[in-house]
Amino acid sequence: MTTDTDAYDLLTRRTTEVITDEELRELAADPEGKRAYVGYEPSGVLHLGHMLTANKLLDLQEAGMEVVVLLADVHAYLNGKGTFEEIRETGAQMREQFLAYGLDEDQTEFVYGSEFQTDEEYVLDLHELELSATLNRAQRAMAEIQGDETAKVSHVVYPLMQALDIEYLDLDLAIGGLDQRKVHVLHREEIEGLGYESRPCLHTPILADLGTGVGKMSSSSGVTISMEDSADAVEQKVNNAYCPPTRDPEPTDDGEDRENPVLELFQYHVFPRFDTVEVGRPEEYGGDLSYESYDSLAADLESGELHPADAKQTLADYLDELIRPGRQKIRDGE
RNA sequence: CCGCCCUUAGCUCAGACUGGUAGAGCAGCCGACUGUAGAUCGGCUUGCCCCCCGUUCAAAUCGGGGAGGGCGGACCA
């Protein structure tokens with residue numbers, strides 16, 4: 001049994017933005033049976049970015065909400081990710097990996113976009129949106145998501161469909177990384193013109209690039225950690241990560257903001273899934289440590305009590321544990 | 001449909017006018033230094049020069065054809 005404030009806390013913890021706070025509090029007052037979703041373009045392997053929003057889904061399930069995972073095959077197709085056959089297939093793999101990661105099969109509804117996005121009613125609503133939304137607006141919403149750098153007509157249809165999905169999946173809440181922000185705002189501002197009600201949105205952070213702490217960790221340009229990675233690969237990637245002993249690294253010489261990706265991974269991936277974090281440390285450096293919260297670990301890293309090298313070794317071990325079931329599943333599937 | 005511009009290393013581009021089988025910066029990799037990474041220093045890798053045909057002893061470079069990409073083509077100024 002949870003109280004209202006507990007539910008609100010569960011829903012909003014480790015998010016960077018709530019739109020709007022008022023609407024979310026209303027939802028948190030009675031979350032039981034309410035529906036939330038995240039949409040993913042099926043891509044080969046589940047990586048840390050997917051898992052980050054999945055962690056939020058786990059929070060929502062804990063609060064009693066129903067969770068819908070949209071396997072956005074039509075969206076992926078519109079974004080030039082391959083043929084429908086290929087996309088559907090990777091969608092099925094993705095579903096398995098989400099389950100292996102820890103989503104409860106009985107509490108999670110997996111839906112392919114193509115199951116409803118070609119219904120006549122949907123398509124006609126889409127056309128209505130095309131009529132009311134501005135090209136410029138749709139393109140800006142799409143800018144962060146778009147794969148192909150040359151804008152196609154499909155790219156501008158894409159965010160409009162997302163706006164509609166939130167209605168057609170009968171949701172009470174939309175979840176997404178902060179890169180989905182403009183799409184969600186588009187939904188909120190345009191959907192009412194069709195006579196529907198806009199929904200609140202919750203945005204998770206975008207993890208910083210592992211190697212530099214600058215910009216976002218991108219799966220396309222290489223260094224993310226995915227379920228395909230071996231324990232050794234995880235260890236190597238983590239060990240190569242940028243990790244000054246602080247939560248707020250100095251900006252680069254070019255003035256770009258930097259994060260500490262190692263701490264981010266502790267905060268958003270390790271602590272949400274483990275109650276305590278044990279650091280195995282050689283006697284010569286002071287012996288083992290144990291943490292029950294992200295803050296205490298981060299504080300020790302800043303004070304020098306916890307050396308980055310030990311933090312990294314620990315992080316690699318825990319990430320590997322998170323990934324292991326999915327990795328096993330991938331191997332069994334081959 | 002017509003016109004102009006672009007296409008060379010993973011990325012941004014130089015080299016083309018005055019043919020002699022290719023360069024820089026960044027990235028990447030390796031090593032040194034730090035009990036991590038970064039910074040710093042030292043070293044290293046990489047190319048169907050978009051494709052085809054032609055001229056030539058010799059073509060990234062010149063000529064022709066083609067492909068892909070970008071931009072433009074009412075009026076006003």
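Chain letters run A, B, ... following the sequence lines, proteins first, then strands; residues in each count from 1. Since the structure is predicted, the reported quantities are computational estimates derived from the model, not experimental observations.
Between C26(B) and A22(B), the distance separating the two P atoms is 23 Å to the nearest Å. Straight-line distance between the C1' atoms of G69(B) and U45(B): roughly 30 Å, to the nearest whole Å. Atom P of C4(B) sits at a distance of 12 Å from the matching atom of G64(B), rounded to the whole Å. Distance check on atom P: C30(B) versus A37(B) gives 11 Å, rounded to whole Å. G63(B) and U18(B): their P atoms are spaced 10 Å apart (whole Å). Between the P atoms of U8(B) and C29(B), the separation comes to 24 Å (whole Å). For the P atom pair drawn from A9(B) and A24(B), the interatomic distance equals 14 Å after rounding to whole Å. Distance check on atom C1': A27(B) versus C44(B) gives 14 Å, rounded to whole Å.
A cation-pi arrangement is absent between Arg95(A) and Tyr112(A), since the terminal nitrogen or guanidinium carbon is not both under 6.0 Å from the aromatic centre and inside a 45° cone about the axis.
The nearest whole Å value for the distance from the NZ atom in Lys312(A) to the P atom in A37(B) is 6 Å. At whole-Å resolution of the value, CG in Asn260(A) and P in G38(B) are 13 Å apart. Regarding Tyr242(A), its OH atom lies at a distance of 10 Å from the P atom of G38(B), rounded to whole Å. Between the CD atom of Glu264(A) and the P atom of A37(B) there is a distance of 20 Å, rounded to whole Å. In this structure, the CG atom of Leu210(A) is 12 Å from the C1' atom of U36(B), given to the nearest Å.
With both pairing distances under 3.5 Å, U40(B) is matched to A32(B) as a Watson-Crick or G-U wobble pair. Nucleotide U55(B): unpaired (no Watson-Crick or G-U wobble partner with both distances less than 3.5 Å). Across all strands shown, G72(B) pairs with C2(B); the Watson-Crick or G-U wobble distances both stay below 3.5 Å. Under the Watson-Crick and G-U wobble criteria, each requiring two contacts below 3.5 Å, nucleotide A60(B) is left unpaired. Across all strands shown, C50(B) pairs with G66(B); the Watson-Crick or G-U wobble distances both stay below 3.5 Å. Of the nucleotides present, C11(B) is the one that pairs with G25(B) by Watson-Crick or G-U wobble criteria, both distances under 3.5 Å. With a cut-off of 3.5 Å on both Watson-Crick or G-U wobble distances, the partner of U18(B) is given as none.
When each of Pro308(A) and Lys152(A) is assigned the nucleotide of RNA chain B with its nearest heavy atom, Pro308(A) is the one assigned upstream, toward the 5' end.
The salt bridge (charged side-chain N to carboxylate O under 4.0 Å, His left out) contacts involving residues 130-141 of chain A comprise Arg137(A)-Glu189(A), where partners must be two or more places apart or lie in separate chains. Applying the salt bridge (charged side-chain N to carboxylate O under 4.0 Å, His left out) test to every pair with at least one member in residues 74-93 of chain A, sequence neighbours left out, gives these pairs: Glu41(A)-Lys81(A), Asp73(A)-Arg88(A).
A ring-centre distance under 6.0 Å is not found for His184(A) and His187(A).
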Heavy atoms under 4.0 Å is the rule here; annotate nucleotides 26-35 of chain B 5' to 3' with B where the base is hit, S where only the sugar-phosphate is, and - elsewhere.
---------B
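Pro249(A) comes within 4.0 angstrom of no nucleic acid atom, judged by non-hydrogen atoms across all strands.
Under the 30°/60° scheme for interplanar angles, the aromatic rings of Tyr122(A) and Phe116(A) are found to stand perpendicular.
For Arg181(A), the salt bridge (Lys or Arg N to Asp or Glu O under 4.0 Å) test picks out Glu17(A), with sequence neighbours left out. Annotation: salt bridge (Lys or Arg N to Asp or Glu O under 4.0 Å) contacts of Glu305(A) (sequence neighbours excluded): Arg281(A).
Residue Ile206(A) is found in a hydrophobic cluster whose other members, listed by chain and number, are Leu178(A); membership requires side-chain heavy atoms under 4.5 Å apart, directly or through intermediates.
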